[in-house]
2 protein chains.
Amino acid sequence: MNSQLRKQKILAQLAAAGEVDTKMLAQEFNTSEITIRRDLHQLADDGMLCRTHGGAIKITPLEMPHNFSNKAAVNQVAKDNICRKAAAQIKEGDIIFMDCGSTVFRMCQFIKNKRIKVITNSIPVLYELQNSQVSLNIIGGEFDSERQAIHGKMAEEHIRSYHATKAFIGVDGISSHGLFAHSEKEAAIALALATQSDYTYLLCDAGKIGKASYMKFADVDLVNAIITNADKEELKFCKKKGVKIISTE
Amino acid sequence: MNSQLRKQKILAQLAAAGEVDTKMLAQEFNTSEITIRRDLHQLADDGMLCRTHGGAIKITPLEMPHNFSNKAAVNQVAKDNICRKAAAQIKEGDIIFMDCGSTVFRMCQFIKNKRIKVITNSIPVLYELQNSQVSLNIIGGEFDSERQAIHGKMAEEHIRSYHATKAFIGVDGISSHGLFAHSEKEAAIALALATQSDYTYLLCDAGKIGKASYMKFADVDLVNAIITNADKEELKFCKKKGVKIISTE
DNA sequence: TCGTTTTTGATTATTTTTGATCAATATAGA
DNA sequence: TCTATATTGATCAAAAATAATCAAAAACGA
């Protein structure tokens, strides 16, 4: 069986069952698990499925969950260090954009006592900050209940009515080729937020570096700084483009 | 079953039932309780649910807005009748505005199975309708924690980007002098919603008739129809202005 | 047929997930 | 308020899964 046909069959099974299992596929196609993993990896890069530990799941019609990657591990301490560093960039009176990613959400615990204004498309962020010193604005538009976030043309338009001193965004991958996302919706929001702010920070753990997903949405220099736990060496390509590296190490 | 799929299923159950139980999930997924607890912990970290002792609950507004408190069962029944009537004015495909008042909120229970689009500035409405047939848009702007609603200049501006077939609003009082509100913020939103829709319904129980609050924000003919449990006689002044009366009596 | 490219699979070190254990904490009931 | 019971999550180890590396096999095209 050739690899193209095998991938077609994987997608057909996925469409039917909603999920596929690496081990079971290997048995069924009489091939090795590593071969199946490669297939799944390629299909995920092409945006055809969502990779999970041990297999893959179907992309939901509205949105793609975050792909699993074996090197994606970030313990909470490292992630929190990134967020603490991010919070330290904020001073009283700032107006900041926050996108709907999980890392950005974790910033909330560190900014509750700052007298700032937060503009966000994330309902969890809204909820987390509502009884704090922070003044809140929500971006209007289409509500996505899976992500508990607001997206869409209306949202992008609304963002254009705002201007922030700083924006905090996350991406699904970053390489010398640029910034990558799985979701066009989130990419569009991140782009709009960066465009409408004076200074944009990318919160990016080590696991996301060197990863190219199916959708490049911007060049690395869309952002002004990257806050990361990664080795600076890994981000040399960003420095070359004038992007500042803020390391937690 | 892999962990990511399991988390998705947990969220789906949570969306459907409002709460989940650790022990039951462990049995259902044929896994250990500690595994479920980890899942729940991770989901809570991402802001997707609220952990409880023995399980988790759906994130709902921290508190219902202060003006949502029920006075008497009679009032409640009357309001429900008004809302039922209001819901009956909606047909498939409608795009409707809903404001952040308590009476309008009560409409939610009657419209969950309509294939319509709702545009609202109310967070409780958002939460109530998010797992229904209704497609949701939220109006962006300043978040008011007390009212769990979105107000302000930005909100008014954003409303102007929309156009709805119908708007459903409430007021604090109505008399021959016009429509009254306690809050300038809410008045401005109601005004904007009415202006941007083809047909505006005012939901108004008998207790509000003849009441003039501190702020008149519009003439009675801002709205096209009033849905009420009051005696039609009491609203003669509206008929004179060409406002249709839809009675629940 | 032959050289080149692509695909495959084994190996191995690394990463992720899982479950048992147990002390600490929370809850329920008298 | 106190006591008994239920639940929790840190810790640790085992199991499962992963993908980089390398070499071999298969496929492809001139």
Side-chain angles (χ1 to χ4, degrees), chain A residues 1-11 13-14 19-46 48-57 65-80 102-103 106 109 172-173 175 180 205-214 229-231 233-234, chain B residues 1-11 14 19-46 48-57:
Chain A
M1 187 187 298
N2 72 60
S3 67
Q4 283 296 101
L5 183 63
R6 201 174 52 236
K7 281 188 222 156
Q8 299 274 340
K9 291 194 176 201
I10 288 172
L11 287 176
Q13 275 199 33
L14 191 58
E19 64 167 329
V20 290
D21 181 91
T22 307
K23 198 174 292 184
M24 286 181 67
L25 286 176
Q27 280 171 16
E28 183 170 335
F29 296 135
N30 195 32
T31 191
S32 75
E33 286 177 37
I34 186 59
T35 297
I36 297 298
R37 282 191 205 112
R38 283 191 185 118
D39 287 346
L40 295 181
H41 188 268
Q42 278 168 32
L43 288 168
D45 275 355
D46 294 341
M48 306 300 285
L49 55 78
C50 174
R51 191 81 174 81
T52 64
H53 192 91
I57 55 176
H66 287 291
N67 262 312
F68 165 81
S69 161
N70 204 36
K71 295 291 176 66
V74 176
N75 58 48
Q76 272 185 18
V77 174
K79 220 170 183 174
D80 281 355
S102 60
T103 306
R106 297 194 68 84
Q109 57 191 320
D172 292 308
S175 80
F180 293 86
D205 61 76
K208 296 207 173 120
I209 292 158
K211 276 185 58 182
S213 299
Y214 94 98
N229 62 324
D231 192 276
E233 239 359 72
E234 288 187 75
Chain B
M1 183 187 299
N2 70 64
S3 66
Q4 200 159 349
L5 184 64
R6 200 173 52 234
K7 280 187 225 154
Q8 282 194 346
K9 290 193 177 197
I10 288 171
L11 286 178
L14 190 60
E19 62 176 338
V20 289
D21 180 270
T22 306
K23 209 171 285 187
M24 286 181 67
L25 286 176
Q27 277 171 17
E28 184 172 335
F29 296 134
N30 196 32
T31 191
S32 74
E33 286 177 38
I34 185 60
T35 296
I36 297 298
R37 282 191 207 113
R38 282 193 187 113
D39 288 345
L40 294 181
H41 187 267
Q42 278 169 33
L43 289 168
D45 273 355
D46 291 343
M48 304 304 282
L49 55 79
C50 181
R51 279 292 333 263
T52 60
H53 197 85
I57 57 174

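Residue numbering restarts at 1 for every chain, and letters A, B, ... go by the order of the sequence lines.
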For the helix from C:dT1-D:dA30 to C:dA30-D:dT1, measure the angle between the helix axis at one end and the axis at the other, each built from five pairs, rounding to 10°. 50°
Does C:dG19 have OP1 or OP2 under 4.0 Å away from a side-chain N or O of B:Thr31? yes
Are the side chains of A:His53 and B:Gln4 in touch, meaning some heavy atoms are under 4.5 Å apart? no
Side chains of A:Ser102 and A:Lys79: does their closest heavy-atom pair fall under 4.5 Å? yes
Should A:Arg51 be listed as having a side-chain N or O under 4.0 Å from OP1 or OP2 of D:dA19? yes
From A:Gln13, A:Arg6, A:Lys9, residue fulfilling side chain to side chain donor-acceptor pair (under 3.5 Å) relative to A:Glu28: A:Gln13
State the CG-OG distance between A:Leu25 and A:Ser32, to the nearest 0.5 angstrom. 12.0 Å
Heavy-atom check, side chain of B:Leu5 versus side chain of A:Thr52, under 4.5 Å: no
Can you measure A:Leu5 atom CG to D:dA26 atom P for me and round it to whole angstrom units? 18 Å
Mind calculating the distance between CD1 (A:Ile34) and C1' (C:dT11) to the nearest angstrom? 11 Å
If you compare every side-chain N and O of A:Thr22 against the phosphate oxygens of D:dT18 (OP1, OP2), does one of them come in below 4.0 Å? yes
If the cut-off is 4.0 Å, is B:Thr35 near the phosphate of C:dG19, judged by side-chain N/O to OP1 or OP2? yes
Exercise: identify the closest heavy-atom pair between A:Leu40 and A:Ala56: CD2-CB, 4.1 Å
Write down the atom of B:His41, the atom of B:Arg51, and the distance for their closest heavy-atom approach. N-CD, 4.0 Å
Between A:Arg6 and C:dT8, is there a side-chain N or O to OP1/OP2 distance below 4.0 Å? yes
Distance check needed: C:dT12 P versus A:Glu33 CD, whole Å only. 17 Å
To the nearest Å, how far apart are A:Met24 CE and D:dA16 P? 16 Å
d(A:Thr103 OG1, A:Lys208 NZ) to nearest 0.5 Å is 4.5 Å
Between atom CD1 in B:Ile36 and atom P in D:dA6, what is the gap in whole Å? 20 Å
Whole Å only: how far is the CD atom of A:Gln42 from the P atom of C:dT6? 12 Å
Along nucleotides 22-30 of chain C, 5' to 3', which nucleotides get a B, which get an S, and which get a -, given that the test is a protein heavy-atom distance under 4.0 Å? ----SS---
Side chain proximity check, A:Ile36 to A:Val20, heavy atoms < 4.5 angstrom: no
State whether B:Ser3 places a side-chain N or O below 4.0 Å from either non-bridging phosphate oxygen (OP1 or OP2) of C:dT17. yes
Rounded to whole Å, please give me the gap between CZ in A:Arg38 and P in D:dT21. 12 Å
Closest heavy-atom pair, B:Ile57 versus B:Leu14, reported as atoms and distance to 0.1 Å, is C-CD1, 3.7 Å
Out of C:dT8, D:dA6, D:dA20, minimum distance to the side chain of B:Lys23 belongs to D:dA6
Between C:dG19 atom C1' and B:Asn30 atom CG, what is the distance in whole Å? 13 Å
